[in-house]
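Everything below concerns the one structure shown next.
Throughout, numbering of the chain's residues begins at 1 and tracks the sequence. The analysis underlying the following values was restricted to heavy atoms, covering all of them including side chains, and did not include hydrogens, waters or symmetry mates. Quick caveat, the model's predicted, so the values are computed rather than measured.
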Amino acid sequence: MSEIRYVRGDATVPLAKGVKLIAHLCNDIGGWGKGFVLALSRRWPEPEAAYRAWHRGRAGNDFGLGAAQFVQVEPYVWVANLVGQRGIRTGSKGVPVRYEAIDASLALLADRAVELGASVHMPRIGCGLAGGTWARVEPLVTERLVRRGLAVTVYDHGG
C-alpha cells in the first residue's frame with residue numbers, strides 16, 4: 001500500500017499526469033470566501049458557481065454535511081467540493097470541522113476518483129479555518145483513499 005505524498009506547493013496546480021481531482025472542504029451554510037477557496041476561484045470560476053447553485057437548490061438535492069460535488073474545470077482536472085464543516089465560526093459547539101462528514105465525503109470522493117482513474121490532490125483539508133487537526137484527518141484520508149489504491153498528494157503552501 002502506498003502512502004500519502006507530501007509536497008510544498010499549490011494544490012490548484014496538481015503535480016501529476018493524467019486525470020486529477022482537487023479536493024477541499026466547504027461549509028454547510030453556502031459561504032465561499034476565505035481560505036483555499038480563494039485560490040480555487042482565482043483559477044476557475046466553475047467550482048464556486050456550482051457550489052453556490054448546489055446550496056441554493058438544497059431543498060431538492062443532496063447538499064449537506066458529508067456530501068460531495070464534482071466540477072470539471074479542465075479536460076483532465078476536476079474539483080471536489082466536500083461539505084465537511086458545520087457553519088464557519090467556532091462557538092459553544094466547538095470548531096466548524098465535522099470529521100464524520102469528512103469521512104463520508106471522502107468515501108464519495110474515492111468512488112469518483114476510481115471511476116475517473118484520477119489521482120487526488122488537496123491541502124490539509126479541515127485544518128485551516130475549519131479548526132480541525134491533521135492527526136484526525138490523515139487517518140480518514142488513508143482509510144478512504146490510500147487503501148483503495150489511489151495516489152494522494154497533500155500540498156503545504158509556502159516556502
Side-chain angles (χ1 to χ4, degrees), residues 1-16 20-44 46-48 50-52 54-55 62-71 73 77-114 118-159:
M1 184 171 76
S2 63
E3 293 181 7
I4 298 170
R5 181 171 74 131
Y6 293 90
V7 299
R8 284 237 169 265
D10 181 351
T12 69
V13 186
L15 303 168
K20 297 164 277 295
L21 238 169
I22 300 168
H24 73 104
L25 276 198
C26 301
N27 60 64
D28 66 347
I29 60 168
W32 182 291
K34 284 189 174 171
F36 183 70
V37 298
L38 296 177
L40 283 173
S41 290
R42 275 194 297 273
R43 250 181 101 82
W44 307 286
E46 298 92 345
E48 178 179 359
Y51 169 78
R52 291 190 185 281
W54 188 32
H55 177 262
D62 66 345
F63 183 91
L65 285 171
Q69 179 188 51
F70 303 95
V71 184
V73 293
V77 181
W78 293 72
V79 171
N81 292 330
L82 309 179
V83 185
Q85 65 181 81
R86 165 84 65 206
I88 56 173
R89 304 219 187 297
T90 297
S92 61
K93 291 190 169 81
V95 295
V97 72
R98 293 293 181 266
Y99 297 108
E100 62 287 347
I102 293 173
D103 189 44
S105 63
L106 286 173
L108 298 170
L109 173 68
D111 290 343
R112 182 55 64 96
V114 167
S119 54
V120 178
H121 305 265
M122 65 180 74
R124 291 184 189 236
I125 59 171
C127 299
L129 298 169
T133 66
W134 190 244
R136 294 273 310 271
V137 175
E138 183 184 46
L140 302 175
V141 172
T142 298
E143 182 63 33
R144 293 294 185 180
L145 304 176
V146 177
R147 287 229 167 115
R148 296 230 7 220
L150 295 164
V152 178
T153 304
V154 172
Y155 297 75
D156 288 313
H157 205 69

Checklist entry - Residues in side chain to side chain donor-acceptor pair (under 3.5 Å) with E138, at least two apart? => result Y6
Item to check | Check: I22 and P14 side chains under 4.5 Å, non-hydrogen atoms | outcome: yes
Next on the checklist: Is it true that W32 and N27 share a donor-acceptor pair across their side chains at a distance under 3.5 Å?
Outcome noted: no
Checklist entry - When rounded to the nearest 0.5 angstrom, what is the spacing between SG in C127 and CE in M122? => result 10.5 Å
Item to check | Heavy-atom side-chain contact between F70 and L21 under 4.5 Å | outcome: yes
Next on the checklist: For a quick test of reading the model, state the closest non-hydrogen atom pair linking R8 to H157 and the distance between them.
Outcome noted: NH1-O, 3.5 Å
Checklist entry - What heavy-atom pair brings I125 and W134 nearest, and what distance separates the two atoms? => result N-CZ3, 3.8 Å
Checklist outcome for this item: Rounding to 0.5 Å, atoms CG (L150) and CG (L145) come to a distance of 6.0 Å
Item to check | Side chain proximity check, S119 to T153, heavy atoms < 4.5 angstrom | outcome: no
Checklist outcome for this item: Between A68 and L108 the two heavy atoms that sit nearest each other are N-CD1, 3.8 Å
Item to check | Verdict with supporting geometry, V154 and R124, side chain to side chain contact (heavy atoms under 4.5 Å, CB included) | outcome: CA-CA 6 Å; V154 172; R124 291 184 189 236; 3.6 Å; yes
Item to check | V37 vs E48 side-chain heavy atoms within contact, under 4.5 Å | outcome: no
Checklist outcome for this item: Of I102, D103, L25, the one forming a side chain to side chain contact (heavy atoms under 4.5 Å, CB included) with V137 is I102
Next on the checklist: Rounded at 0.5 Å granularity, tell me how far CG in N81 sits from NE2 in H24.
Outcome noted: 3.5 Å
Next on the checklist: Less than 4.5 Å apart, side chain to side chain, heavy atoms only: is that true for Y51 and L40?
Outcome noted: no
Checklist entry - Do R136 side-chain atoms and Y99 backbone N/O form a donor-acceptor pair below 3.5 Å? => result no
Checklist entry - Closest approach of P96 and A130, non-hydrogen atoms and distance? => result CD-O, 3.2 Å
Next on the checklist: On a heavy-atom basis, which atom in S105 and which in L82 lie closest, and how many Å separate them?
Outcome noted: OG-CB, 3.5 Å
Next on the checklist: Please find the pair of heavy atoms, one from V83 and one from A101, that lie closest to each other, and give the distance.
Outcome noted: O-CB, 3.7 Å
Checklist entry - Can you tell me how far CZ of R86 sits from CG of L65, rounded to the nearest 0.5 angstrom? => result 4.5 Å
Item to check | Donor-acceptor under 3.5 Å (Y155 side chain, L15 main chain) | outcome: yes
Next on the checklist: With rounding to the nearest 0.5 angstrom, report the NE2 to CD distance, H55 to Q69.
Outcome noted: 12.0 Å
Checklist entry - How are the rings of F63 and W54 set to each other: parallel, tilted or perpendicular (split at 30° and 60°)? => result perpendicular
Checklist entry - Should L129 and I88 be marked as a side chain to side chain contact (heavy atoms under 4.5 Å, CB included) after you check the CA-CA gap, both sets of side-chain angles, and the distance that decides it? => result CA-CA 8 Å; L129 298 169; I88 56 173; over 6 Å; no
Next on the checklist: Side chains of V13 and R43, heavy atoms from C-beta outward: is any pair under 4.5 Å?
Outcome noted: yes
Checklist entry - Could you give the distance from CD (Q85) to CD1 (I29), rounded to the nearest 0.5 Å? => result 8.5 Å
Next on the checklist: Taking atom CZ as the centre, does R52 end up with more than 12 heavy-atom neighbours from other residues, nucleotides or ligands that are less than 6.0 angstrom away?
Outcome noted: yes
